[in-house]
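Quick notes on the structure that follows.
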Protein chains: 2
Amino acid sequence: MIQNISEHDRENLQESLAKSGQKVTPQREVVFSVLLAKRDHPTVDEVFHRARETMPGLSLATVYNCLQTFVGCGLIRQVNHERESTRYCPNLAPHAHFRDAATGRVHDIELPPEVIQSLRSILPPGFDPEAIEVSFHGRALAGDAHPTL
Amino acid sequence: MIQNISEHDRENLQESLAKSGQKVTPQREVVFSVLLAKRDHPTVDEVFHRARETMPGLSLATVYNCLQTFVGCGLIRQVNHERESTRYCPNLAPHAHFRDAATGRVHDIELPPEVIQSLRSILPPGFDPEAIEVSFHGRALAGDAHPTL
DNA sequence: GAGATGTTTTGAATCATTCTAAATGGAGAA
DNA sequence: TTCTCCATTTAGAATGATTCAAAACATCTC
């Protein structure tokens, strides 16, 4: 379960943090590595437990801090569904989410530019979107056949 | 501020509740009328306070109950944004939401069938959506120029 | 009018998240 | 090295939306 972060990912982390004047810390590195290791949209609690396998003293508050920091500097995205716990995903490509009603699992669905364009086109003039969220909810047959990206 | 429910809306309420073997109660009627009176996507708390102007003894738990009941029988929709309080809207036509970053106000955006179709088309085979949610977040110029539907 | 059933009420409980204040840990200056 | 500064981390308390539990009410049937 213990994961090491690749040189490339570490640089990415370092650079992104640097942009907002922040530093790589052991805690941030562990939390980031957890997100990269298993891209199953974990909740804060799941990240917390996984990270503790590597760094037993890590506190929950720190996990909240790290995740917020990463979102702030654009390293990861938050995924919310109804009012369930927030989940986190390191997939930065434009994509939608499909939440399987049966398993609760969240799948990434690629969102092609022309679909994004068609969504933008429904906005009346004067509406300037910074973010577009698309989420599906339903049944996914054979959950394993469509692994999370 | 006190609103009366139209004959037509009352019948609609009655029928929808009846489908799941439930009845019209004074509380449900008041809560429903509040939703119809001002379609600004109120939170539970806002519904609670508005409804109390008509029915001072009404309890918060009842408002939660009523809203859940209405959602359950398809009379209204829930609107969630990030992890903010859930909002409610009686607009049943397919539509997206635009949340104005400046005011926090939520605007309904009509969602034409062809856009819904293009969204469905991005799902790989095996994914069967029961619900599709589209929400924008950004700035809306001249908030009043685009009243909530 | 007595039971049965569904609804409402009050207040306590839960749960994710945020806050607070104290402790820690470098990085750079002397 | 030792000191100081500042960001980060920590533990635990606080918050806020929502749900739960149990008692009180209302209706409706017999």
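In the text below, chain A, chain B and the rest are named by the order of the sequence lines, each starting its count at 1. Computation of the quantities below employed the complete heavy-atom set of this structure, encompassing side-chain atoms and omitting hydrogens, waters and symmetry-equivalent molecules.
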Co-membership, hydrophobic cluster, residues B:Val47 and B:Leu17, 4.5 Å side-chain = yes
task = Can you tell me the distance, in whole Å, between the CD atom of B:Gln27 and the P atom of C:dT10?
result = 11 Å
Euclidean distance, atom CD of residue B:Gln22 to atom P of C:dT8 [Å, nearest integer] = 9 Å
A:Phe127 ring center near B:Phe136 ring center (under 6.0 Å) = no
message = Let me check something: do B:Phe98 and A:Val115 share a hydrophobic cluster, defined by ILVMFWY side-chain heavy atoms less than 4.5 Å apart, either directly or through other members?
response = yes
ask   = Are any of the side-chain nitrogens in A:Glu84 or A:Arg99 under 4.0 Å away from the carboxylate oxygens of its partner?
value = yes
query = Quick one: CG on A:Asn12 to CD1 on A:Ile5, what's the gap to the nearest 0.5 Å?
reply = 8.5 Å
Whole-Å gap separating C1' (C:dT24) and CZ (A:Arg28) = 14 Å
task = To the nearest Å, give me how far apart CG (A:Asp45) and C1' (C:dT14) are.
result = 14 Å
key: Any A:Thr25 side-chain nitrogen or oxygen under 4.0 Å from OP1 or OP2 of D:dT9   = yes
task = Mind calculating the distance between CG (B:Leu58) and C1' (D:dC25) to the nearest angstrom?
result = 15 Å
key: Residues B:Asp128 and B:Arg120 bridged, charged N to O under 4.0 Å   = no
message = Using a 4.0 Å heavy-atom cut-off, does B:Gly21 contact any base of the nucleic acid, only the sugar-phosphate backbone, or nothing at all?
response = nothing
query = Quick one, which residues of residues 61-87 of chain A touch DNA chain C with a heavy atom under 4.0 Å?
reply = A:Tyr64, A:Gln68, A:Ser85, A:Thr86
query = What's the CE-C1' distance between B:Met55 and D:dA26, to the nearest Å?
reply = 13 Å
key: Candidates A:His41, A:Arg87, A:His137 - the one meeting side-chain contact (heavy atoms from CB on, under 4.5 Å) with A:His81   = A:His137
request  = Using atom CG of A:Leu60 as one end and atom C1' of D:dA14 as the other, report the distance to the nearest whole Å.
outcome  = 15 Å
ask   = Hey, is CD on B:Gln27 packed in by over 12 heavy atoms from elsewhere, all under 6.0 Å?
value = yes
Check nucleotides 28-30 of chain D against the protein and report each pair of N or O atoms closer than 3.5 Å, with its distance, or say if there are none.
none

query = Between A:Asp40 and A:Arg50, is there a salt bridge with N-O shorter than 4.0 Å?
reply = yes
